[in-house]
Amino acid sequence: MKTRISLVIISLLLVCAMTVNFTGCSMEIQAKNLMKGITPNNVNALDDLSSQNADVTDFAIRLFKASEESGKNTLISPLSVLCALAMTANGAEKETLAQMEEVLGMTTEELNLYIYSYMQNLPLGEKYKLSLANSIWFTEDERFTVNQSFLQTNADYYGADIYKAPFDDQTLKDINNWVKKNTDEMIPEILDKIPDEAIMYLVNALAFEAEWCEIYMETQVRNGKFTKEDGTKQDVEFMYSTESTYLEDENAIGFKKYYKGGKYAFVAMLPNEGVSVSEYVDSLTGESLNALLTNTQNTTVYTSMPKFETEYTVEMAEILKGMGMTEAFDMYNADFEGIGTSADGNIYISRVLHKTYISVAEKGTRAGAATIVEMYGNGGVCPSDPKEVYLDRPFVYMLIDCENNIPFFIGTMMDVN
């Protein structure tokens, strides 16, 4: 009897071990990383990014304004989109390149050096981190030939992992697993399918996690009402605190709440009564936002904000076309000769997939973002007066890099539930 029980237990353990092993294998990337053993060329990073921070902020605002959907929660990561499109622009030429540079706000050379320098100097601490990862996936189909110089440039400046893959179901799993891993599992899946026409994917993944400088205590969390723009009231949990950085412009008031280390901060802007979120977003420019984030007031600010968790998915092709990047999506006129050649026809961008996630709670914030460019190959000062900013109705919010004052996440909170 004991022997039978032992055999049953051993069998169960073997089944469990096999299950764990198969599960583990399914999470591993099967495609071969061509960058293993290859050292990127040395690049001299910029010591000062201040001269180009305004250009990055300007792109962030233009993209946010073009993406914002009236009455709906919106959340984009301009930095993630910028990285993916900048890698793609390294293969663009002539008018296609000119349009991409115009929309992105810098030349490819400037973008490469800026993003490289930014990535090299990301602050990292025990209680906060912002990480960026890039990868390029191209088909092993012999009808497509990739330019090695294109891959080398993106390896040099973006530290891109480079994979040659069959573009089958396993490749689909590999790309999603790569994104899942590099967003700390906040974006478990972004790519829905790999069409037959697809020849390349340029992918950026971004992950942010930080603890507040001052964590909200249980006594600082109370139930309250959040009023939507249509007057509907929602029961939510509000977190109350006293902050020391106040922001104000012609159409809104706001505050900045720092994360541990002071390198990153959460910024919220509450439009004035009578000003809708859409109207406020329309009023923003890169210059005005840069000035707003730079010229803050040190004073006491009594604040509240709802606990919230939200995710957002958008396909950005039409958004980017509306911003002036039309030729890159034109199957006949796009010029991506710098990427390579396809025997099936011209290379162009078919989709730009973007997915984000954020959770704001008592201890801090977690946020993840991923962007995929799919290529086809066919045809403290004491206050004089205390301020109050209570986020009990729709508002705009950002996660910013305090050193450069650029938003790497920006969104609208229209509906908490």
Holding to side chain to side chain donor-acceptor pair (under 3.5 Å), I want the full list of residues that pass it with Thr145, two or more places apart in sequence or in another chain. none

Pairs flagged by salt bridge (Lys or Arg N to Asp or Glu O under 4.0 Å) wherever residues 404-417 is involved - sequence neighbours left out: Lys228-Asp415

Taking only Lys NZ, Arg NE, NH1 and NH2, and the carboxylate oxygens of Asp or Glu, determine whether Asp235 and Lys225 approach each other closer than 4.0 Å. yes

Find out whether Phe336 and Ile349 are in side-chain contact, i.e. whether some heavy atom of one side chain is under 4.5 Å from a heavy atom of the other. yes

Sorted by first residue and then second, give each salt bridge (Lys or Arg N to Asp or Glu O under 4.0 Å) pair with at least one member in residues 252-264; sequence neighbours left out. Glu211-Lys260, Glu243-Lys257

Going by atom types only, do Thr245 and Gln297 share a side-chain donor-acceptor pair under 3.5 Å? no

Among all residues two or more places apart in sequence or in another chain, which pass the ring-ring contact (aromatic ring centres under 6.0 Å, His included) test with Phe167? Tyr201

Between Asp230 and Thr232, does any side-chain donor sit less than 3.5 Å from a side-chain acceptor? yes

State, without any angle test, whether Asp48 and Ser50 hold a side-chain donor-acceptor pair at a distance under 3.5 Å. yes

If the condition is side-chain contact (heavy atoms from CB on, under 4.5 Å), which residues does Thr227 pass it with, not counting sequence neighbours? Lys233

Kindly write out the residues that satisfy side-chain contact (heavy atoms from CB on, under 4.5 Å) with Glu140, not counting sequence neighbours, or none if the list is empty. Lys164, Pro166

Going by ring-ring contact (aromatic ring centres under 6.0 Å, His included), name the residues that satisfy it together with Phe408, two or more places apart in sequence or in a different chain. Phe208, Tyr264

Inter- and intrachain pairs under salt bridge (Lys or Arg N to Asp or Glu O under 4.0 Å), touching residues 80-100, at least two apart: none

Is the shortest distance from a Lys or Arg side-chain nitrogen in Glu209 or Arg366 to a carboxylate oxygen in the other one below 4.0 Å? yes

Minimal non-hydrogen separation, His354 against Ala369, with atom names: CE1-CB, 4.4 Å

Gap between atom CG of Asp161 and atom CD1 of Ile29 - 0.5 Å precision: 7.5 Å

Applying the side chain to side chain donor-acceptor pair (under 3.5 Å) test to Tyr348, which of Thr96, Asn378, Asn333 qualifies? Asn378

Can you pull the salt bridge (Lys or Arg N to Asp or Glu O under 4.0 Å) pairs that have at least one residue in residues 58-67, sequence neighbours excluded? Asp58-Arg62

Flag the pair Arg393 and Glu273 as a salt bridge only when some basic side-chain nitrogen lies within less than 4.0 angstrom of an acidic carboxylate oxygen. yes

Ala317: partners by side-chain contact (heavy atoms from CB on, under 4.5 Å), with sequence neighbours left out: Glu315, Phe329

Please determine whether a side-chain nitrogen of the Lys or Arg among Glu362 and Lys307 lies less than 4.0 Å from a carboxylate oxygen of the Asp or Glu. yes

Does anything in residues 274-314 pair up under ring-ring contact (aromatic ring centres under 6.0 Å, His included), and if so which pairs, sequence neighbours excluded? Phe308-Tyr397

From Asn90 atom CG to Met100 atom CE, the distance as rounded to the nearest 0.5 Å: 9.0 Å

Verdict with supporting geometry, Glu68 and Thr74, side chain to side chain donor-acceptor pair (under 3.5 Å): CA-CA 6 Å; Glu68 195 246 340; Thr74 306; 5.4 Å; no

Can you check salt bridge (Lys or Arg N to Asp or Glu O under 4.0 Å) on Asp169 and Lys193, steps first, answer last? CA-CA 8 Å; Asp169 289 343; Lys193 61 183 178 180; over 6 Å; no

Charged N to carboxylate O below 4.0 Å: is that the case for Lys173 and Asp168? no

Gln52: which residues meet the side-chain contact (heavy atoms from CB on, under 4.5 Å) condition with it, sequence neighbours left out? Leu46, Asp55, Met106, Glu110, Tyr114

